[in-house]
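Keep in mind that the numbers below use all heavy atoms, side chains included, and drop hydrogens, waters and symmetry copies. Keep in mind that this is a model prediction, so the values were computed, not measured. Labels below follow one simple rule: chain letters A, B, ... track the order of the sequence lines, proteins then strands, and each chain is numbered from 1.
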Number of protein chains: 2
Amino acid sequence: MREEAIKAVTAIGQVLQEQIDHGLLAPGSKLPAERKLSELFGTTRITLREALLQLESQGQIYREERRGWFVSPPRLAYNLMQRSHFHAMVSAQGRVPSTEVISARLQPASAAVCAWLQLPALSSVIQICRSRRIDGRLVLYVEHYLNPKYFPGILEFDLNQSITELYARHYDLQYGRVRFEIVPTALSVEAAAALKVSVGSPGLQIARVNYDQHERLIDCDLEFWRHDAIHVGVDVV
Amino acid sequence: MREEAIKAVTAIGQVLQEQIDHGLLAPGSKLPAERKLSELFGTTRITLREALLQLESQGQIYREERRGWFVSPPRLAYNLMQRSHFHAMVSAQGRVPSTEVISARLQPASAAVCAWLQLPALSSVIQICRSRRIDGRLVLYVEHYLNPKYFPGILEFDLNQSITELYARHYDLQYGRVRFEIVPTALSVEAAAALKVSVGSPGLQIARVNYDQHERLIDCDLEFWRHDAIHVGVDVV
DNA sequence: TTACCTTTCTGGACTAGACCAGCACTGTTT
DNA sequence: AAACAGTGCTGGTCTAGTCCAGAAAGGTAA
């Protein structure tokens, strides 16, 4: 007649999960404060926190630095095969995209970037760092590296818009072959800062190396996604 | 003249990271016990543990339930475009694969599986659950669902070998079109148990829906990878 | 209205312990 | 040699607090 021993952490997670599933806690809504919750569940803040961290790693909830915990919105479907850019992709799924430029400048390329773009040592590259939102929520930090040879004067344009469209309109360039590298890892320090999450949060890193329609290696970018913001689809024919 | 305030958790992580980078802690080797480490760094076990958890989420170290913490081996390159199966892929990268069958039986299909395989309600499917290792380390738990129509008597074969090869040798079937769905999330309860990791560990879920050379939907599988065990590559032409 | 301050509330970081359950090794018994 | 029973060590889980820094809201003065 022994009761099944359920861990407190698991039990708390299940209760919250259920509330979320039944829509009592709507996507985007804020959870009560940690202290309130720990009192509600009759446990310590540390234990309560562990339960929240587990739900976070499942992608059910997320936090904003020192602001609180929120219920995660649905994931964005990111299909690697259809060459859609961020704005088009987000809009097509009935959601509202936005972009902020963090920095844009010509600078010496790091060793890693030289390798990706097959540039000689000590080359210059154009680096564009941007953060992007879906429905107001920061979900993506991108570092873009362009081979300056193909993009004279690009820093003069408004970089809040889609770079893909800039390429087409002003440089007559379109993406051809693309190589993706997807690595599940923690967010880098810069990415965490830009996304306003605590360092060490789980993330999904997607590196793209892009060729144009003439098979020239024109740019690459490093995307850091909140791990709960997307699911990636690939159709292999 | 104020010292830069470095968080203890970060500092501990950096020290361990450095030791790993310089090969003083080799891949696969065991870290000292948590109590030892917390004494070494002059901090609490809770704080020390937080540092370890961060390194885990970065994929630098991993743990085996109640056995200890270990340095992560290099990630396996998983290229979605080259139709290689687990054994071939692992061997090609100079490492040693192995497979264990956990269960294999005909059973009623869940709603999700019916949807994936486009089966009518209350259909039967063949479910094969297996765990797989690289160099002895558990890295992958797979649930395989086959449409029984195409695979009479498959449960009689030795399922420790590659199923892809079974298909080719005995059923004259080859994979054609494939659809992948990649979701970064925590490991499911079954996956965590099979991989002997604590529930809620970060993982990468890859669902595949497979068609054969005649465009028939033959099977699907649900892969649960340790998040630090792979990086995924995709070449889009 | 606007700019600035203060207060309150939030999560972030940390201390100092406790008890439990499973693993691995060791020594004994069969 | 093989099976078994201890036993110590390991991570897993949890308690009960403290102090700090940033975010937000509200009030006050220009």
Side-chain angles (χ1 to χ4, degrees), chain A residues 2-14 16 29-57 61-71 136-138 186-187 189 192-201, chain B residues 2-14 16 29-57 61-71 136-138 186-187 189 192-201:
Chain A
R2 170 146 149 8
E3 292 285 322
E4 182 59 42
I6 298 212
K7 286 176 291 186
V9 168
T10 312
I12 295 170
Q14 284 173 354
L16 291 173
S29 66
K30 189 173 181 306
L31 299 184
E34 290 182 359
R35 281 168 243 259
K36 290 262 176 59
L37 285 173
S38 64
E39 196 182 331
L40 175 67
F41 286 104
T43 184
T44 336
R45 223 178 115 210
I46 292 203
T47 304
L48 183 273
R49 212 152 199 283
E50 206 174 316
L52 293 178
L53 288 168
Q54 259 187 38
L55 285 175
E56 183 192 44
S57 85
I61 61 176
Y62 69 98
R63 49 186 156 160
E64 291 181 19
E65 181 99 2
R66 278 168 221 281
R67 294 216 327 116
W69 292 88
F70 302 84
V71 178
R137 178 187 174 213
L138 281 165
L187 292 173
V189 177
L195 297 182
K196 293 194 174 62
V197 301
S198 44
V199 296
S201 298
Chain B
R2 169 148 148 7
E3 293 285 321
E4 182 60 41
I6 297 212
K7 286 176 290 186
V9 167
T10 312
I12 296 170
Q14 284 174 352
L16 291 174
S29 65
K30 189 173 180 306
L31 299 185
E34 291 182 0
R35 280 167 243 259
K36 289 264 177 59
L37 284 173
S38 64
E39 196 182 331
L40 176 66
F41 286 105
T43 183
T44 336
R45 220 178 116 209
I46 292 203
T47 304
L48 183 271
R49 212 153 199 283
E50 206 175 316
L52 294 178
L53 288 168
Q54 260 187 36
L55 284 175
E56 181 192 44
S57 85
I61 61 176
Y62 69 98
R63 49 185 156 159
E64 290 181 21
E65 181 98 2
R66 278 169 221 280
R67 294 214 328 115
W69 292 88
F70 302 83
V71 178
R137 177 187 173 211
L138 281 165
L187 292 173
V189 178
L195 297 182
K196 294 195 174 61
V197 301
S198 44
V199 294
S201 298

Fill in the blank from the handout: For B/Glu39, the side chain to side chain donor-acceptor pair (under 3.5 Å) test, sequence neighbours excluded, returns none
Practice task
Return no unless some side-chain N or O of B/Thr47 is found under 4.0 Å from OP1 or OP2 of C/dT15.
Solution key: yes
Problem - Spacing of A/Leu52 atom CG relative to C/dG11 atom C1', expressed in whole Å - result: 11 Å
Handout entry: Separation of atom CD in B/Glu50 from atom P in C/dG11, rounded to whole Å
Key = 16 Å
Exercise for the section: Please determine, for the side chain of A/Ala33, which listed nucleotide (C/dC14, D/dG11, C/dG11) has the closest atom? Expected result: C/dG11
Problem - Any donor-acceptor N/O pair under 3.5 Å between D/dG11 base and B/Arg35 side chain - result: yes
Handout entry: Side chain to side chain, A/Ile12 and A/Leu37, heavy atoms closer than 4.5 Å
Key = no
Handout entry: For A/Arg45, all residues meeting side chain to side chain donor-acceptor pair (under 3.5 Å), sequence neighbours excluded
Key = A/Glu34
Handout entry: Among D/dT13, C/dC14, C/dG11, the nucleotide that comes nearest once only the side chain of B/Val9 is considered
Key = C/dC14
Practice task
Check the distance between C/dG11's C1' and A/Lys30's NZ and give it to me in whole angstrom.
Solution key: 9 Å
Output a table of nitrogen or oxygen pairs between the protein and nucleotides 22-24 of chain D separated by less than 3.5 Å.
unit_1	atom_1	unit_2	atom_2	d
D/dG22	O4'	A/Arg66	NE	3.4
D/dA24	OP1	A/Arg67	NE	3.2
D/dA24	OP1	A/Arg67	NH1	2.5

Handout entry: Spacing of B/Arg45 atom CZ relative to D/dG11 atom P, expressed in whole Å
Key = 7 Å
Handout entry: Selection from C/dT10, D/dG11, C/dG17 that lies nearest to any side-chain heavy atom of B/Ile46
Key = C/dG17
Exercise for the section: In whole angstrom, give the distance that lies between atom CD of A/Glu39 and atom C1' of D/dA16. Expected result: 14 Å
Problem - Nucleotide C/dG11, atom P - distance to CD1 of A/Ile61 in whole Å - result: 11 Å
Exercise for the section: Determine: side-chain N/O of B/Thr43 to OP1/OP2 of C/dC14, distance under 4.0 Å, yes or no. Expected result: no
Handout entry: A/Lys196, NZ: over 12 other non-hydrogen atoms inside 6.0 angstrom
Key = no
Handout entry: Between D/dT15 (C1') and A/Ile12 (CD1): distance, integer Å
Key = 13 Å
